[in-house]
Amino acid sequence: MSQEQRETGVGATPGQTSVTSDLVDTRRFQRAGSLLREVVFELDAAGRLLLTCRAWERLVGTSAEAWKGRALVDLFHPEDRDQARALLRTALSRVDSPARLELRLACGPQPRWVEVSATGDPERLGGVLGTLVDVTARRLAEEAATTRERYLGAMVEVQRRLLEPESAGDQYNAILEPLGRVAGASRAYVFEFHRDGSGRILQSQRAEWAAPGVSRELENPETQAAPVDESFRLHQLEELRRGEAVQGMPEAFGDGIAPVLMAQGIRSLLVLPLTVHGELFGFIGFDNCDEARAWSHVEVKLLSGAAGALSLALEQHTTDALRLRTETALRRTEAGFHLLIEGFPDPVVVHTTDGMLLSVNPAMARYLGYQDPAELLGRHLLGLVRREDQEVARRHLEEAQDGGLAARSHEVPLVRRDGQVVSADLVTLGVLFDGVPARVTVARDFTERKHMQAQLMLGDRLASMGMLAAGIAHELNNPLSYVLSNLEFLHRALGPLPRPLGADELLEYQQVLEDAREGSERMRQIVRQLKVFSRVDDAHDEPVDLHRVLDSVTQMAASEIRPRARLVKQYGDVPAVRGNEGKLFQVFLNLVINAAHAIPEGLTDTHEIRLISRVDAEGRVVVDVRDTGRGIAPEHLRRIFDPFFTTKAPGQGTGLGLSICDTIVRALGGSISVESTPGHGATFHVALHAAGRPARVS
């Protein structure tokens, strides 16, 4: 019998034909499987492995031959095997659509995750066909994003508490609990530095939070008036003075404090410096009494941000107290007024009621980058303000009445001599200057605080990108798989040596290349969307095709939408809008993801997310993002765009998303609003100006 007869069964007896056919099917199965990165497998009615491909060994670490005849559930972690058995039972009744589940493998020291897809085998009663796809990288990315979002949520809560007026007298205890919990610490505490009669620097504990079951040490006399040079080693003190964190086990610290730390059950600790007006004021510390683990670089960086926020709050507290005393002195007497202004540590100007500068103290001159305060005399106060902010500054000045109370503070950007913009909080008081009604304005620098808030917002954006990138890894996997499969097929079919090709072969290979090109184009589009979303281009506005933005958003958010709802696009004939593609991408991505999260998973047939574009009566381009989710409670509607407001559980959101959307849209001269009825979904309306039309800033 020829080789062709042996492989095809021609000329064989019926029994031989059946065996030969099975052999050919097995070879085809294995050849097809060798082209894939996924593991393809077939099970018998008892759930034992019959067939698989070469990728099995790469994934499992054991040859396929060694696994033949063994139960597939043995491949998985013992805690996941019941789920695996249930999946295989479900697969028997689902021939058309596979059952899917993510499970842990039992092999290896580090946890590895696979997505198992399985269906019943129509050719073999009780048999199962399926695939295994390694999703470990995506799972680890999701866990990292969750950890980062949890820390960012705590940082936002710390910032919110520090900004509350009632926290001024208890700033330490207001923030220690959220920081201690998110850091996984046993204790969180604050020590302040002070000097004894001889000038030696001592440290004393001022506040403490302790986890349940952990002893409190605030009243321990050993935590009060301890010499700093005996608590820290010299290089540690130098690091703290440079603003750097110090961490380690108790024995790594000073000989005078190490026994005290060990007696408190501390196995490792982290110390972050607190700096007030450029001097080391004390530190915020975290104890771990469970294990001697180090805090990661990301954790230390985020916790250092909280320590910086506390340092700024301490500076502000002392500055506010000084301002209050100064305002009282200004009202009490005009004597020494010039001297008081000159020596005031904050930037101060005295001006006429209509804004002409009469006196400028040295602190204001330095703040605005001038050598001599006289360079500013005779100028108008509004000339120090950006044109777009002058109306806000004018309203602030009008609030101050002669001899009245100080006008409420306004945050106003000021322009330095070199063109740099600094953010200042202005407080203005009506006074008599040389016997003439005038105004005195005190400026408080908010630049550093705004920079820190911007970092929090950027961190929130990066956390969202991490969450989406994890989902997009799955979206990239499909086109990547068939691109690699098609290229592998061409590589094998063409062989190492050139040969003439027939017309049918050329047609087939052309189709294979076309499929690979389509897959590559799909991957290029996904990468472009990530690039657009990550681009920070705040200054560049241009005509933007909203439909292209919406299509990119829905592709990127597909992994969030698909398990929850149908996506419906109802696009109208609308012009391009004036804006920034990256910013608009962020706006609609936030809205679409929020819409998806308002719908529970598993109810795709009964829920939808609808995107509608239209032109309103005023000629503005409007996009409606409508969902059929749980809706928004009436008491939350009025606060939905407030910074840091969220109805999500702790660790699941920072409350910045909708606030950022509102800020971006208003900066473009547009508006954003919401309508909702609890239980009947919500609709967000985003109205933007068409490209070429003048903006009307509200």
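Owing to the predicted nature of the structure, the values given are computational and were not obtained by experimental measurement. Every heavy atom of this structure was used, including side-chain atoms; hydrogens, water molecules and symmetry mates were not.
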Worked check of salt bridge (Lys or Arg N to Asp or Glu O under 4.0 Å) between Arg548 and Asp551 = CA-CA 5 Å; Arg548 187 172 77 167; Asp551 288 341; over 6 Å; no
Heavy atoms of Thr554 and Leu611 approach each other most closely as CG2-CD1, 3.5 Å
Heavy-atom distance under 4.5 Å between the side chains of Arg626 and Ile612, does that happen here?
-> yes
Who pairs with Arg386 by salt bridge (Lys or Arg N to Asp or Glu O under 4.0 Å), at least two apart in sequence or on another chain?
-> Glu388, Asp389
Salt bridge (Lys or Arg N to Asp or Glu O under 4.0 Å) partners for Lys301, two or more places apart = none
For the residue pair Leu88 and Thr90, establish whether any side-chain heavy-atom pair is separated by less than 4.5 Å.
-> no
Ser552 and Gln555 side chains, donor-acceptor separation under 3.5 Å | no
Measure the shortest side-chain to side-chain distance between Leu103 and Gln83 over non-hydrogen atoms and say whether it is less than 4.5 angstrom.
-> yes
Measure the CZ-CG distance between Arg124 and Leu43 for me, rounded to the nearest 0.5 Å.
-> 10.0 Å
To the nearest 0.5 angstrom, please state how far the CG atom of Leu688 sits from the CG atom of Leu584.
-> 6.0 Å
Work out which heavy atom in Ala598 is nearest to a heavy atom in Asp627; give both atom names and the distance.
-> CB-OD1, 4.3 Å
Please check if the side chain of Thr628 supplies one atom and the backbone of Glu608 the other of a donor-acceptor pair under 3.5 Å.
-> yes
Given side chains that start at C-beta, do those of Ser613 and Val621 come closer than 4.5 Å, heavy atoms only?
-> no
Of all the heavy-atom pairs spanning Ala595 and Val625, show the shortest one and how long it is.
-> CB-CG1, 4.4 Å
Looking only at atom types and distance, does a side-chain atom of His607 sit under 3.5 Å from a main-chain N or O of Ile599, one as donor and one as acceptor?
-> no
Flag yes if more than 12 heavy atoms outside Asp616 fall under 6.0 Å of its CG atom; otherwise flag no.
-> yes
Shortest non-hydrogen separation from Val665 to Ile672 and the atoms involved = CG1-N, 4.2 Å
In sequence, state the C-alpha distance, the side-chain angles, and the governing distance for Arg578 and Glu542, and then conclude on salt bridge (Lys or Arg N to Asp or Glu O under 4.0 Å).
-> CA-CA 6 Å; Arg578 184 184 63 256; Glu542 60 186 0; over 6 Å; no
Arg58 vs Asp134, salt bridge (Lys or Arg N to Asp or Glu O under 4.0 Å): CA-CA, chis, key distance, verdict = CA-CA 10 Å; Arg58 290 197 301 269; Asp134 191 342; over 6 Å; no
Just wondering, do Arg112 and Leu59 contact through their side chains at under 4.5 Å, heavy atoms?
-> yes
Report yes if some heavy atom in the side chain of Glu560 is under 4.5 Å from a heavy atom in the side chain of His597; otherwise report no.
-> yes
Criterion side-chain contact (heavy atoms from CB on, under 4.5 Å) on Val39 and Thr52, from CA distance to verdict | CA-CA 7 Å; Val39 173; Thr52 187; 3.5 Å; yes
Step by step, work out the side-chain contact (heavy atoms from CB on, under 4.5 Å) result for Val623 and Phe588.
-> CA-CA 9 Å; Val623 174; Phe588 291 110; 3.6 Å; yes
Tell me, do Phe76 and Val116 make a side-chain contact under 4.5 Å, heavy atoms counted?
-> yes
Just jot down the ring-ring contact (aromatic ring centres under 6.0 Å, His included) partners of His547, sequence neighbours excluded, or say none.
-> Tyr571
Evaluation steps, side-chain contact (heavy atoms from CB on, under 4.5 Å), between Arg85 and Arg89 = CA-CA 6 Å; Arg85 294 186 184 95; Arg89 288 195 297 269; 3.8 Å; yes
Kindly compute the distance separating CZ (Phe41) from OG (Ser117), expressed to the nearest 0.5 Å.
-> 8.0 Å
Under 3.5 Å donor-acceptor, Thr677 side chain and His680 backbone | no
N/O donor to acceptor pairs below 3.5 angstrom from side-chain atoms of residues 178-185, sequence neighbours left out:
residue, atom, partner, partner atom, Å
Arg181, NE, Glu177, OE2, 3.1
Arg181, NH2, Glu177, OE2, 3.4

Mind checking whether Pro634 and Pro678 have side chains closer than 4.5 Å, heavy atoms only?
-> yes
Are Val40 and Leu129 close enough, and set up right, to give a side-chain contact (heavy atoms from CB on, under 4.5 Å), and what steps lead you there?
-> CA-CA 8 Å; Val40 183; Leu129 296 173; over 6 Å; no
Hey, could you give me the OG/CZ distance between Ser676 and Phe684, rounded to the nearest 0.5 Å?
-> 8.0 Å
Measure the CD1-CG distance between Ile175 and Leu310 for me, rounded to the nearest 0.5 Å.
-> 4.0 Å
Separation between CD1 of Ile632 and CG of Leu637, rounded to the nearest 0.5 Å = 5.5 Å
Where is the tightest heavy-atom contact between Val615 and Pro575, given as atom of each residue plus distance?
-> CG2-CD, 3.9 Å
For Gln510, check side-chain contact (heavy atoms from CB on, under 4.5 Å) against everything at least two apart and list the hits.
-> Leu507
Work out which heavy atom in Ala557 is nearest to a heavy atom in Val592; give both atom names and the distance.
-> CB-CG1, 4.2 Å
Residue from Leu75, Thr136, Asp80 passing side-chain contact (heavy atoms from CB on, under 4.5 Å) with Arg104 = Asp80
Tell me, please, which residues at least two apart from Arg100 pass salt bridge (Lys or Arg N to Asp or Glu O under 4.0 Å).
-> none
Between Asp624 and Arg614, is a salt bridge (Lys or Arg N to Asp or Glu O under 4.0 Å) present by the stated rule, with each step listed?
-> CA-CA 8 Å; Asp624 300 330; Arg614 55 190 171 86; 2.9 Å; yes
